Q: 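What follows is a structure written as structure tokens; I'll ask about it next.
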Amino acid sequence: MADTVPAPPSLRALLSRRDLHLRLVADDDLAPGILDRPVRWVHSSDLVDPTPFLSEGLVLLTTGTQFADADAADYEAYVGRLLARGVQGLGFGTEVVRDGIPSPLVSACRRAGMPLFEVPYRTPFIAVARAGAEAIAADAYARRSWSLAAQRAVSLAALRPDGLSATLAELARQLDCWVGLYDAAGALRSAFPADALPPEAADAVAAEVTTMLRRGTRAAGAIRSGGSAVSVQTLGRGGHLRGALAIAADDLDHEARSVVTAVVAMAALALEQQDGLGRAVGTFRAGLVHALASDDPTLARRAARDLFGPLPAAPIVVGLTAATATRSTALTEWLETRAQEGRGELFFGRSDDGVALVVPAAGRAVLDEIAERFELVVGCSAPTGYDAFSRALTQARTARDRTDQAGLADFADTARAGLLTALGTEAARTVAAGTLAPLRSHDDTDGSALVATLDTWLAHDCSHEATAQALGIHRHTVRARIALAQRVLGRDLSSFAARAELWTALRLAE
């Protein structure tokens, strides 16, 4: 927390009150920092087992009447019960029932690491309890005052030109911790202080943020990595998350959480306000893609230069995502960030059926990164110039539509696979099945083998002799079957066009 926030009430603060005349016993055996733990209240009881009536974080006062017939084991059990209940310290009122503090109690507290202090006869328990209550009340007032001052500070920061960054920097200063803002793609957008989070913890936070954002629902979580505890809160509404806010701080109290809540609301509002501008920019980008599709880049170059920088230098490759990617805020924000970081290395915009991506031919690795990061199919064209942009966009679309598996689909691979791979649509397969239906029906009814004979005949360059040898039948039988197939199909198979169409139908029907 900031320096203006006082330390919470503790046993050390209580013992330092000179007017109470309290004396710590055997302080050299206590664990470091044990006297500085927050004290929630001061209570008194002489019950043998007061723990059912106590809560964690109390300081207990007793006069020792419960130890009238106690032995060493009773003292050990008594201190053990207090320790298990979370009692922060034990005060013993001397000269009320007995002189001094019983040595078995001193020994039991020393072995358990329980702070034990003497409350002299002249100091009433009510004075100690009142001192604790006053410290708790003062701390609560100071925390509320700090919270109001901190909220005012972050509100003033939000009015600066760099409002969002200034707000996060002020939050980091007020909480005295690391604060990070992640965009909708899960990338760290800004952090204050910049390098305060250890690399191991930073990687763990980034992974958690990515997981939360992919779920698409508003959520809050916490992780611990490398000794760093980090809380994460998504920003935006369900189904339209704008990013996440991460804060490396342990056990924020109510006042600190109220400041964080205010900042979360401010950050979400700021990101939502940017959404309208983002839609306008997206529409402008889409217009430039349509201009490039005319195969004349002159207009697009002039329009993009001032806002986005130069278009990637030719030769270029064009990528195309699925149409659903146009609704991905995470993808859009990631692309905007990447394009700003490397002006002239990436251009993108909506096309009719996906996000078009333009990169230099030597920089196509970014298309692989996009496909992997967002689990998308990205079609990729062959290298080309802007004067053939429309053809490159068609190539990318063709490559994309040939697979359903996420990754980069290269048109060069599609071209090497042959023309039939581009025809392998459901419509083409339906037409192929219709073409072969009369032959299959005849085979099923009469037990003929017209489909198999035709397939083998076409595979052997329409040679009756070679087909007969392949099927183990006489060449006259082959000739008769081909003639029958022509009558069943109602077409002349002596022409190349008819044979090519039939061969294509057989391949598509496989």
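None of these values were measured; they are calculated from a predicted model.
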Q: Enumerate the residue pairs fulfilling ring-ring contact (aromatic ring centres under 6.0 Å, His included) with a member in residues 290-320, sequence neighbours excluded, ordered by first and then second residue.
A: F284-F308
Q: Could you work out, with salt bridge (Lys or Arg N to Asp or Glu O under 4.0 Å) as the rule, every residue matching R338, not counting sequence neighbours?
A: E369
Q: Working to the nearest 0.5 angstrom, can you tell me the gap between L454 CG and R499 CZ?
A: 10.5 Å
Q: Going by ring-ring contact (aromatic ring centres under 6.0 Å, His included), name the pairs with one or both residues in residues 194-225, residues two or more places apart or in two chains.
A: none
Q: By salt bridge (Lys or Arg N to Asp or Glu O under 4.0 Å), which residues pair with R350, not counting sequence neighbours?
A: none
Q: How far does OG1 of T324 sit from CG of L376, to the nearest 0.5 angstrom?
A: 7.0 Å
Q: Would you say R391 has more than 12 foreign heavy atoms packed within less than 6.0 Å of its CZ?
A: no
Q: My understanding is that only residues two or more places apart in sequence, or in another chain, count here; which of them pass salt bridge (Lys or Arg N to Asp or Glu O under 4.0 Å) with R373?
A: none
Q: Please state whether the rings of W178 and Y182 are parallel, tilted or perpendicular, taking 30° and 60° as the class boundaries.
A: perpendicular
Q: Drop me the distance from L245's CG to L235's CG, to the nearest 0.5 angstrom.
A: 6.0 Å
Q: Can a donor-acceptor pair be found, under 3.5 Å and without considering hydrogens, that links the side chain of R40 to the backbone of E56?
A: yes
Q: Sequence neighbours excluded, which residues qualify as salt bridge (Lys or Arg N to Asp or Glu O under 4.0 Å) partners of R475?
A: E465
Q: Nearest 0.5 angstrom please: H442 NE2 to L484 CG, how far?
A: 4.5 Å
Q: Could you pull out all donor-acceptor pairs under 3.5 Å where a side-chain atom in residues 353-360 meets a protein atom, sequence neighbours excluded?
A:
residue, atom, partner, partner atom, Å
D353, OD1, R397, NE, 3.4
D353, OD1, R397, NH2, 3.3
D353, OD2, R397, NE, 2.7
D353, OD2, R400, NH2, 3.0

Q: Once side chain to side chain contact (heavy atoms under 4.5 Å, CB included) is applied, do any residues pair with A313, and if so which ones, sequence neighbours excluded?
A: none
Q: Hey, could you give me each pair passing ring-ring contact (aromatic ring centres under 6.0 Å, His included) that has a residue in residues 184-215? Not counting sequence neighbours.
A: none
Q: Return the set of residues passing ring-ring contact (aromatic ring centres under 6.0 Å, His included) with H474 (not counting sequence neighbours), or none when no residue passes.
A: H476
Q: Please collect all side chain to side chain donor-acceptor pair (under 3.5 Å) contacts where either partner lies in residues 487-498, sequence neighbours excluded, each pair once.
A: D492-S494
Q: Counting N and O atoms only, with roles assigned by atom type, does the side chain of T403 sit under 3.5 Å from a partner on the main chain of A399, one being a donor and the other an acceptor?
A: no
Q: If you look only at pairs with a residue in residues 283-302, which of them pass as a salt bridge (charged side-chain N to carboxylate O under 4.0 Å, His left out), with sequence neighbours excluded?
A: R285-E336
Q: From R85 CZ over to T51 OG1, what is the distance, rounded to the nearest 0.5 angstrom?
A: 7.0 Å
Q: Once you round to the nearest 0.5 Å, how far does OG of S381 lie from CG of D410?
A: 8.5 Å
